[in-house]
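In what follows, every chain begins at residue 1, and chains take the letters A, B, ... in the order their sequences are listed.
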Amino acid sequence: MTEPTKDQKIWQVVAAIPAGRVASYGQVADMAGLGRQARYIGRALGKLPEGHSIPWYRVIRSNGQIAFPIGSEAFEVQAQSLREEGVVVVDGRVSMREFGWRP
DNA sequence: CTTCTGACGTTGG
DNA sequence: GCCAACGCCAGAA
């Protein structure tokens, strides 16, 4: 590894999010040096290899809402994982005011 | 090549 | 709070 790819950069940023906190796609994109390509984050997370240690579930929308339809399987997994870290998920959304990650 | 879609964001009504 | 419009850009059809 000489130079981290965009995907790896993203994963690195996501991995840097402390437990019990959440970051928005736009925030991750900005920190990864992608500017306003917030959409790319979702695609990069979709490319996650198996056996990864990336807390993808700590990434949500800027409005605090989870990026999956409520009731879907992925949604349940994410909400569950967040709750286990102490993050309160209400009606598919998280209070960014409280749990938003600010370095 | 064109067109659509999408784990998004911001602004404005 | 809700919805619409626009911006942004990478893959897939």
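Residues from residues 55-69 of chain A that place a heavy atom under 4.0 Å from any atom of DNA chain C: there are none.
Put simply, CD on A:Gln12 and CG on A:Asp7 are 12.5 Å apart, with the number rounded to the nearest 0.5 Å.
Closest of all the heavy-atom pairs between A:Lys9 and A:Ala32 is CG-O, 3.6 Å. Between A:Gly100 and A:Arg21, the shortest heavy-atom contact is O-CD, 3.8 Å.
Looking at heavy atoms from C-beta onward, A:Ile10 lies in side-chain contact with A:Leu34 at the 4.5 angstrom threshold.
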- [ ] Dump the intermediate steps for side chain to side chain donor-acceptor pair (under 3.5 Å) on A:Gln80 and A:Tyr57, then the final yes or no.
- [x] CA-CA 9 Å; A:Gln80 181 65 36; A:Tyr57 50 82; over 6 Å; no
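Atom CD1 of A:Ile41 and atom C1' of B:dG9 are 12 Å apart (whole Å). In this structure, CE of A:Met96 is placed 13 Å from C1' of B:dC8, rounded to the nearest angstrom. As rounded to whole Å, 16 Å separates atom P of B:dA7 from atom CD1 of A:Ile70.
Here the side chain of A:Ser72 pairs no donor or acceptor atom with the backbone of A:Phe68 at under 3.5 angstrom. At least one donor-acceptor pair under 3.5 Å links the side chain of A:Gln78 to the backbone N or O of A:Val59. Using a distance-only test at 3.5 Å, with no hydrogens or angles considered, no donor-acceptor pair links the side chain of A:Arg93 to the main chain of A:Gly64.
The separation of C:dC6 from B:dA7, taken at their P atoms, amounts to 22 Å, rounded to a whole angstrom.
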TODO: Using a 4.0 Å heavy-atom cut-off, write out nucleotides 1-13 of chain C from 5' to 3' as B (base contacted by protein), S (sugar-phosphate only) or - (no contact).
DONE: S-----BBSBS--
